[in-house]
Amino acid sequence: MMKQSMLTDDLDFELPPDLIAQAPAPDRSGARLLHYRRADGAIAHRHITDLPAILRAGDLLVFNDSRVLPARFALRKASGGLVEGLFLTEIAPGQWRVLLRNLGNPTDRPMRFEGIEVTAHITASFGAGEHELAVDAGMSAHDLLEIIGRMPLPPYIKRSRFADPRDEVDRQRYQTVYAVKAGSVAAPTAGLHFDEQLLTQLIAAGIERTFVTLDVGMGTFKTVSAGDLKDHDMHAERYSISPTAAEAINHARAAGRRIIAVGTTACRVLESQPEGTIKPHAGETRVFIYPPYRWKHVDGLLTNFHLPRSTLIALVAAMVGLQTQRSLYAVAIDERYRFFSYGDAMLLE
């Protein structure tokens, strides 16, 4: 089936720079919530803590439980200069695929990780800053990065290049409280608003939950460069649906209850599945959701405010329609909601 056309320019908007959140709200559940009802077009300005009262008993919230790896690191060259690194994957024990900045001319001379007596050297280079490192650590990449890594905050959150007084706060707050297995290099940000108290209140209100896993890649921040969305090459991300999650989703659907995705990542996992019964599955998804789109599994979405010209804002437009998406973002700007990863949220139901 041929993809339908939609201009990327339609996903653009002007955002005052001071609305880009540089830090999370003091409390996890302290964010504001723009609430939109598709049935009657009603808009209300609420708070995340209102969710137990807004959602219906029996609703199933689907969260992404992937854990963000502190994937940023620094290497010191033999000359003394520092190189910025971002971990991508561990191909084999001691073999990392990484992005490096400020490297200069690639060399096979050993470099030392800043903060620990572990060395690495480049074994292959692939262009666009991507390299393969041989790491002499005696431990897994994940274990080493838990010791020396920094959170891979998106570039619009400004931090000092190699160390920042806010690093420890970012380690705590750029991570959901229910994260399990590290695999993401960006947070599923809608989930950052939930603390244990709110999760308990949701259960008390009869709102159910389950967890899928999607390891968020750097492609999530990539703006669409193609003039038409149908020409965009969507990035791939690994995901899995456990037997427990599949059973919960199928049971909710059979009972006529709503399935609310917490974040675009959980949404993409669900919409990557065929119509009908969802089965336990692990794989990769390249699903790109933009208008017009016929939803198969998701009835509502809790999400943050996204970058212009991004695949994420296209998904929001697919949920409510392009003109409504543009109107909601205009309202959010007028009401001075905080945008992007550390910002406020929107509930579309």
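Separating the CD1 atom in Ile289 from the OG atom in Ser272 is a distance of 7.0 Å, to the nearest 0.5 Å. Summarising the geometry, atom OH belonging to Tyr174 is positioned 15.0 Å from atom CZ belonging to Arg166; distances are rounded to the nearest 0.5 Å. Note that the CZ atom of Arg150 and the CZ atom of Phe73 stand 12.5 Å from one another [nearest 0.5 Å].
Using modelled atom types, one finds a donor on one side chain and an acceptor on the other under 3.5 Å when comparing Gln273 with Tyr239. At a cut-off of 3.5 Å, with distance as the only test, a side-chain donor of His193 or Asn304 sits close to an acceptor on the other residue. Checking Thr277 against Asn250 by side-chain atom types alone, no donor-acceptor pair falls below 3.5 Å. Residues Ser341 and Tyr156 bring a donor and an acceptor atom of their side chains to less than 3.5 Å of each other. In the model, Asp170 has a side-chain atom that pairs as donor or acceptor with a side-chain atom of Tyr342 under 3.5 Å.
Comment: Arg253 engages Asp299 in a salt bridge, judged by a side-chain N to carboxylate O separation of less than 4.0 angstrom. The residues Arg309 and Asp9 are annotated as salt-bridged, a charged nitrogen and a carboxylate oxygen being separated by less than 4.0 angstrom. A salt bridge between Asp167 and Arg159 is absent, with no side-chain N of the basic residue lying under 4.0 Å from a carboxylate O of the acidic one. Remark: Lys279 does not engage Glu247 in a salt bridge, criterion side-chain N to carboxylate O under 4.0 Å. A salt bridge links Glu208 to Arg257: one of the charged nitrogens lies within less than 4.0 Å of a carboxylate oxygen. Checked for salt-bridge contact, Arg286 and Glu237 miss the test: no charged N lies under 4.0 Å from a carboxylate O.
Taking both residues in full, the closest heavy atoms of Ala186 and Val216 are given as O-CB, 3.3 Å, listed atom of the first, atom of the second, then distance. Between Ile260 and Leu301, the shortest heavy-atom contact is CG2-N, 4.1 Å. Pairing each heavy atom of Tyr337 with each of Ala345, the nearest pair is CE2-O, 4.4 Å. The nearest pair of heavy atoms linking Leu145 to Pro70 is O-CG, 3.4 Å. Annotation for Met319 and Gly300: closest pair CE-C, 4.3 Å, computed over non-hydrogen atoms. Minimum heavy-atom separation, Leu34 to Ala332: CD1-CB, 4.0 Å.
By the 30° and 60° cut-offs, the orientation of the rings of Trp295 relative to Tyr293 is perpendicular. Between Phe87 and Trp96, the ring planes are perpendicular. Angles over 60° get that label, and only those under 30° would be called parallel. Tyr329 and Phe305 have perpendicular rings, their planes meeting at more than 60° on a 0 to 90° scale where under 30° would count as parallel.
Under the side chain to side chain contact (heavy atoms under 4.5 Å, CB included) test applied with Met111, the options Thr119, Leu82, Ile122 reduce to a single match, Ile122. With Glu114 as the fixed residue, the salt bridge (charged side-chain N to carboxylate O under 4.0 Å, His left out) test singles out one of Arg76, Lys77, Arg72: Arg76.
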Exercise for the section: Kindly determine whether Asp18 and Arg336 satisfy salt bridge (Lys or Arg N to Asp or Glu O under 4.0 Å), including the steps that lead there. Expected result: CA-CA 9 Å; Asp18 64 323; Arg336 298 196 59 79; 2.4 Å; yes
Exercise for the section: In sequence, state the C-alpha distance, the side-chain angles, and the governing distance for Ile207 and Leu60, and then conclude on side-chain contact (heavy atoms from CB on, under 4.5 Å). Expected result: CA-CA 6 Å; Ile207 296 152; Leu60 178 67; over 6 Å; no
Problem - salt bridge (Lys or Arg N to Asp or Glu O under 4.0 Å) evaluation trace for Glu146 with Arg171 - result: CA-CA 10 Å; Glu146 286 292 346; Arg171 271 211 177 216; 3.5 Å; yes
Exercise for the section: Using the side-chain contact (heavy atoms from CB on, under 4.5 Å) rule, take Leu133 and His121 through it: C-alpha gap first, then chi angles, then the decisive distance, then the call. Expected result: CA-CA 6 Å; Leu133 284 182; His121 66 272; over 6 Å; no
Exercise for the section: Give the intermediate values and the outcome of side chain to side chain donor-acceptor pair (under 3.5 Å) for residues Glu90 and Gln95. Expected result: CA-CA 6 Å; Glu90 188 168 33; Gln95 287 182 270; over 6 Å; no
Exercise for the section: Evaluate side-chain contact (heavy atoms from CB on, under 4.5 Å) for Ile313 paired with Leu307, printing each intermediate quantity in order. Expected result: CA-CA 7 Å; Ile313 198 172; Leu307 291 166; over 6 Å; no
Exercise for the section: Mind running side-chain contact (heavy atoms from CB on, under 4.5 Å) on Leu315 and Leu312 for me, showing each step along the way? Expected result: CA-CA 5 Å; Leu315 187 152; Leu312 306 182; 5.7 Å; no
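Using a 4.5 Å heavy-atom cutoff, the side chains of Val331 and Tyr36 are not in contact. Counting heavy atoms from C-beta on, the side chains of Ser184 and Thr265 never come closer than 4.5 Å. The side-chain heavy atoms of Leu86 and Leu100, taken from C-beta on, include no pair separated by under 4.5 Å. Looking at heavy atoms from C-beta onward, Asp344 lies out of side-chain contact with Leu33 at the 4.5 angstrom threshold. Between Leu192 and Val177 the shortest side-chain heavy-atom distance does not fall below 4.5 Å. Considering only heavy atoms from C-beta on, Tyr290 comes within 4.5 Å of Lys230 through its side chain. Under the 4.5 Å side-chain criterion, counting only non-hydrogen atoms from C-beta, Pro280 is not in contact with Ile241. In this structure the side chain of Arg112 never reaches within 4.5 angstrom of the side chain of Val118, judged on heavy atoms.
Proximity of a side-chain donor or acceptor of Arg173 to a complementary backbone N or O of Ala25 within less than 3.5 Å is detected. With hydrogens and angles disregarded, no donor-acceptor distance shorter than 3.5 Å links the side chain of Glu349 to the backbone of Arg38. The main-chain N or O of Met6 is found under 3.5 Å from a side-chain atom of Asp228 such that the two form a donor-acceptor pair. Listed for the Thr223 side chain is no donor-acceptor partner under 3.5 Å among the backbone atoms of Ser310. Not a single donor-acceptor pair under 3.5 Å links the side chain of Arg56 to the backbone N or O of Arg258. Between the side chain of Asp65 and the backbone N or O of Val180 there is no donor-acceptor pair closer than 3.5 Å. In this structure, the side chain of Arg268 does not engage the main chain of Leu214 through any donor-acceptor pair within 3.5 Å. Side chain of Gln325 to main chain of Ala314: no donor-acceptor pair is present (N/O by atom type, distance under 3.5 Å, no hydrogens or angles). Using modelled atom types, one side-chain atom of Asp164 and one backbone atom of Ser160 make a donor-acceptor pair closer than 3.5 Å. No donor-acceptor pair under 3.5 Å is formed between the side chain of Ser125 and the backbone N or O of Gly127.
Separation of the Phe288 and His232 ring centroids falls under the 6.0 Å cut-off.
In Lys296, the NZ atom is crowded: over 12 heavy atoms of neighbouring residues, nucleotides or ligands sit closer than 6.0 Å. Annotation for His251: atom NE2 does not count as buried by contact number, only 12 or fewer foreign heavy atoms lying within 6.0 Å. Asp40 CG: more than 12 foreign heavy atoms inside a 6.0 Å radius. Other residues, nucleotides and ligands contribute only 12 or fewer heavy atoms inside 6.0 Å of the CZ atom of Arg109.
A cation-pi arrangement, defined by a distance under 6.0 Å to the six-membered ring centre and an angle within 45 degrees of its axis, is absent between Arg209 and Tyr178.
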